[in-house]
Structures are given as C-alpha cells and as structure tokens.
There are 2 protein chains.
Amino acid sequence: MRDSSGKTPIWKAIADALRIDLAEGRYSPGDKLPTEAALADRFGVNRHTVRHGIAALVDDGLVRTRRGAGAYVAATPTDYPIGSRVRFHENLIAAGRRPEKRILTLDERAATEGEAKALQIATGAPLCAYHGLSLADGQPIAIFESLFPLDRIAGITDALRGTSSVTEALRVAGIADYTRASTRLTAVRATATQALHLQVTEGDPLLRSSGVNTGQLGQPVEYGRTWFVGDRVTLTLET
Amino acid sequence: MRDSSGKTPIWKAIADALRIDLAEGRYSPGDKLPTEAALADRFGVNRHTVRHGIAALVDDGLVRTRRGAGAYVAATPTDYPIGSRVRFHENLIAAGRRPEKRILTLDERAATEGEAKALQIATGAPLCAYHGLSLADGQPIAIFESLFPLDRIAGITDALRGTSSVTEALRVAGIADYTRASTRLTAVRATATQALHLQVTEGDPLLRSSGVNTGQLGQPVEYGRTWFVGDRVTLTLET
DNA sequence: TGGTAAGATATGTATAGTTGTATAGTAAAT
DNA sequence: ATTTACTATACAACTATACATATCTTACCA
C-alpha cells in the first residue's frame with residue numbers, strides 16, 4: 001500500500017515546475033525558455049522527457065516552439081493547479097502541553113551486535129529494553145526505544161517500571177547525572193507497526209533520532225532511538 | 001533433510017551473489033550493474049526473479065536504479081555535522097567526499113511575510129533567492145533554498161553566480177564570518193519536483209532543516225531551508 | 001553597407017535499449 | 001484448497017544515440 005495517491009510522471013513534474021516558473025513571473029510572454037538540453041541537464045533527465053513536458057505546455061497554449069530557435073512563452077497561466085506550494089506546518093509542540101509516556105514493552109534481553117557497539121559492551125551482554133510511546137495532550141508524537149546495559153546499571157528495569165521517566169529511573173539506579181555524547185538524525189518511512197502506534201499511515205515520514213548518553217565517567221549508560229512524527233514535531237536546536 | 005535453511009530462494013541467491021560482487025569491490029560506487037536481461041541470462045532465470053533480487057539490494061541501500069538507465073552501485077550514506085558552524089563544502093570534504101553545488105534558480109524578489117520575519121526585515125524588502133542542489137560524489141543529497149537580505153548584503157547575487165559557495169559569496173559581499181543562530185528539523189515527504197531533483201521516489205522521506213545564519217553583529221544574513229535525502233544523509237549534532 | 005556562406009545551435013524525428021508494472025499461468029509446498 | 005516461488009508475455013516510461021532540419025551568429029568579401 002505504497003502511497004496510492006499516484007506517482008507523478010517525470011515529464012509532468014517538469015511541466016509543473018516550468019508552469020510555476022511562468023506563474024511566478026520568472027519568464028514573461030515572448031521570453032525564451034532554456035534550451036531542451038539545458039533543461040534536461042538541470043533536471044537530470046533525458047532530453048526526450050523534457051520535450052514531453054514542454055509538449056504539455058505547448059498543448060496548454062502556454063508555450064510555443066520554433067524549430068531551430070527555441071521555446072518561447074506565449075502566455076502566463078492565471079492559475080496553476082499545482083496544489084499547495086511550499087507548505088509550512090510548523091506545528092511546534094510548544095510549552096503548555098500535557099506530556100505523557102506509555103510503556104509498550106519493558107524487558108531484559110541480550111544485546112545485538114549493533115547495540116553492543118553503541119553501548120561499548122560485549123555482544124550478547126544483558127541489557128534492559130524500554131520501548132514506549134510519547135504523547136502530548138493524548139496525541140502520540142513519538143515512539144522510542146531506550147537500551148540500558150545491565151552490567152553497569154543493575155536494577156534499572158524495576159526503576160523504570162515505577163516511574164517511566166528515564167532521568168528519574170537512572171537516578172534511582174545510581175546514575176546521578178548523564179550527558180548526551182552524540183545525536184544522529186535522519187528521515188525514514190514509518191513501518192506498519194510504528195504507524196499503528198503513532199496513529200499515522202504506513203510510509204509517513206518520521207524523524208529518527210539516535211543517541212548515546214554517558215555517565216560522569218564517560219561510560220555509556222543509555223542508547224536511545226526515537227521516531228518523531230514529522231507532521232507533529234519540529235526539533236529546535238539552540239546554539 | 002528438508003531443512004528450510006538449506007533451501008535458499010533463487011532471488012535471494014542472486015542477491016547474495018551480487019552482494020559478494022559488491023563486497024569484493026568488483027563494482028565501485030557509481031558503476032553500472034549488468035542489465036536485468038543480462039543477469040537473467042547469466043543466471044538462467046526469468047527477469048522478474050533477477051528484479052526481486054535487485055530489489056533486495058535497493059532496499060538495503062546498496063544499489064540505486066534509474067528507469068531506462070540501469071542499476072547503479074550506491075554511495076555510502078554521508079554523515080553531516082550540524083552545529084553553530086554549518087559549512088557544506090568543509091563538512092563533506094572532511095567526510096572524504098567530493099562536494100558539488102548546482103544552481104537551479106538564482107534571482108531577486110520581494111520577501112514574503114514569513115521570510116521577512118525570519119530575516120528581521122520588512123515584508124516586501126528585496127532579497128536574493130538562491131535555489132540549488134547539493135551533491136556528494138555526484139549523487140544528489142539535498143536541495144536547498146537560501147535567502148539573503150539585499151538591504152544588508154548588496155551584490156550577493158552576482159557573487160553567488162560566480163562561486164556557488166555561500167561562504168565564499170558572503171565573504172566577497174563583505175561578511176567575513178557567520179554562525180548559525182537556530183536550526184529547526186522535521187521530516188516531510190518529497191514532492192514530485194523535489195523527488196525529481198534528488199533522484200528519489202515521490203513521497204520518500206526527507207529531513208527538512210531550516211535555520212538562520214547571523215553575521216558578527218548578530219544581524220541575520222541568511223535564511224536557509226534544506227531538504228536532505230533520508231537515505232543518504234545522517235545529521236550529527238555536536239555537543 | 002549589404003549579402004552570403006560557414007558553422008554553431010536548437011528543435012524534430014527515428015530507432016533501439018533498459019527499467020517499471022500489470023496480468024496470467026505453472027509447479028511445488030503447506 | 002490455498003499460498004508461495006517462479007515463469008511468460010506484453011506494454012508503459014524513460015534513456016541513449018544518431019541524424020535531419022530549421023534558425024541564429026559570425027566572418028568575410030565585394
């Protein structure tokens with residue numbers, strides 16, 4: 001079920017891009033469009049694909065071509081059905097919202113190779129896996145998975161069962177303070193399971209953040225990954 | 001023994017065979033794989049079976065396909081540090097990659113309300129709009145739009161036409177140094193046009209970063225938005 | 001000054017090759 | 001009986017290349 005909203009053919013996307021250029025007044029009637037070769041280069045496609053796109057504009061009467069000369073603007077569109085241009089849903093999750101955490105699973109298991117590497121422990125070493133859901137005003141905004149090395153932080157599992165707050169649980173387990181050593185961000189598609197928990201559609205864009213928190217001695221105490229719903233969250237970095 | 005582990009599907013065997021070819025360096029990033037027909041012939045199977053195998057490699061991010069062109073070995077994802085000093089060329093050179101910028105459009109126009117607010121200028125004030133494509137090792141990794149207030153930085157447009165490097169152009173225009181004042185991140189879907197330029201599929205997840213760079217006096221000199229391809233870039237935060 | 005020829009540039013046309021998608025069918029495993 | 005893995009076929013979409021044809025530019029010459 002992969003975005004049944006229909007894929008736009010390349011030639012149409014090019015035609016639309018040019019239509020926007022016309023509508024925004026980047027070209028006036030009588031102006032010469034870039035050559036087919038230039039456009040093909042700009043869009044990174046074959047000249048024939050550009051020709052197809054231009055043909056659509058000619059068909060609409062927006063452009064007129066002359067063999068050997070070029071393509072010239074005949075008219076500018078009064079309205080272009082490209083839909084919403086650049087859309088800003090800057091839905092800041094600002095202050096004044098009611099945060100909530102919900103535990104999905106909380107268990108102890110062995111570390112996989114990648115997890116072990118991030119936490120600087122041996123593959124197969126025991127860890128606590130805390131998988132949960134973050135909500136604001138009852139609306140899910142992220143799911144996360146936090147992993148704690150049990151060799152370093154015994155009793156973290158029970159601590160988490162009591163509080164659901166990572167900071168609080170780490171304090172109970174003996175880690176008074178911790179700092180974020182690294183953060184990595186990228187965008188991914190929501191899997192079916194993620195989509196279910198986050199109440200979005202499978203394939204919707206998620207902002208994935210992964211990072212390691214270290215204790216006062218520099219030893220990794222938590223490896224966490226969080227998937228934010230792109231529509232509902234904007235991360236703001238202060239520098 | 002009808003051990004299921006001994007019964008590898010054909011498509012998987014093909015994928016593994018290709019994976020070995022890649023791992024052993026028989027193909028380098030950017031190289032073209034044999035055509036599906038050729039592979040089908042070589043392995044003595046139907047083209048669809050080969051396609052299934054290649055699809056697995058695409059899913060792993062090892063290979064990229066272009067309709068009508070072929071299947072190409074993908075470059076490994078780029079780590080992109082983002083902090084108070086964001087410099088495209090420096091970042092990628094430090095990562096051992098060959099950076100490149102391509103100008104899509106470069107013109108001067110009036111600021112919209114939102115843009116004016118970000119740059120702390122009056123709505124309708126003149127600005128320079130630089131829309132372009134960023135590549136690493138020839139592979140597109142992001143598209144961006146940078147806006148410069150012309151009242152503060154006269155001549156930036158011509159400077160950009162010459163160099164395409166923001167840092168260099170700002171230097172020519174009199175801004176010796178600048179730092180990033182704020183960064184905001186979220187995940188969005190690629191539009192048809194964005195997908196076209198980035199050579200991804202419409203709807204693929206993009207990491208959108210927007211931020212303001214300020215000069216030494218703290219005055220905004222650039223308001224930029226960048227859309228990174230999730231598959232090809234990981235932003236790393238300096239702490 | 002004006003005309004003309006040559007060359008570069010640009011669109012139009014043709015052909016073949018490659019990937020993407022859809023449909024239908026077959027044999028084997030569950 | 002249904003599902004799974006693969007085959008077979010056809011067509012659509014895009015690429016790659018070559019060449020034909022029209023236009024523009026420039027140089028040259030009378």
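Note on naming: letters A, B, ... go to the chains in the order of the sequence lines (proteins, then strands), and numbering restarts at 1 for each one.
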Rounded to whole Å, CD of Glu36(A) lies from P of dA10(C) at a distance of 10 Å

Separation of dA16(D) atom P from Ile10(A) atom CD1, nearest Å, is 11 Å

Correct closest heavy-atom pair for Ala118(A) and Val212(A) would be O-CG2, 3.9 Å

Sub-4.5 Å side-chain heavy-atom contact between Ile54(A) and Leu39(A) = yes

Ring geometry between His197(B) and Phe43(A) (parallel below 30°, tilted from 30 to 60°, perpendicular above 60°) = parallel

note: Arg67(B), atom CZ; dC11(D), atom P; distance rounded to Å ~ 16 Å

By nearest-nucleotide position on DNA chain D, the 5'-leaning member of Tyr72(B) and Ala69(A) is Tyr72(B)

Does a side-chain N or O from Thr65(A) land closer than 4.0 Å to OP1 or OP2 of dG12(C), or not? yes

Between Lys12(B) and Gly68(A), the residue closer to the 5' end of DNA chain D by nearest nucleotide is Lys12(B)

Between NZ of Lys32(B) and P of dG17(C) the distance, given in whole Å, is 13 Å

**Q.** Close side-chain approach of Thr183(B) to Ser209(B), heavy-atom, < 4.5 Å
**A.** yes

Rounded to whole Å, CG of Leu33(B) lies from P of dT18(C) at a distance of 13 Å

Rounded to whole Å, CZ of Arg51(B) lies from C1' of dT9(D) at a distance of 15 Å

In whole angstroms, the gap separating C1' of dT7(D) from CH2 of Trp11(B) amounts to 17 Å

So, with a heavy-atom separation below 4.0 Å from DNA chain D, the residues of residues 38-49 of chain B are Val45(B), Asn46(B), Arg47(B), His48(B), Thr49(B)

Item to complete: Take Asp231(B) and Arg64(B) through the salt bridge (Lys or Arg N to Asp or Glu O under 4.0 Å) test and state the conclusion after the steps.
Response: CA-CA 11 Å; Asp231(B) 281 347; Arg64(B) 285 196 311 133; over 6 Å; no

Q) Checking side-chain contact (heavy atoms from CB on, under 4.5 Å) for the pair Val58(B)/Val63(B): CA distance, chi angles, key distance, verdict? A) CA-CA 5 Å; Val58(B) 170; Val63(B) 163; 4.1 Å; yes

Assess whether side-chain contact (heavy atoms from CB on, under 4.5 Å) is satisfied between Asn213(B) and Leu170(B), documenting all intermediate values.
CA-CA 11 Å; Asn213(B) 278 309; Leu170(B) 281 174; over 6 Å; no

>> So Arg66(A), base contact, sugar-phosphate only, or nothing? Heavy-atom distance under 4.0 Å.
In response: sugar-phosphate

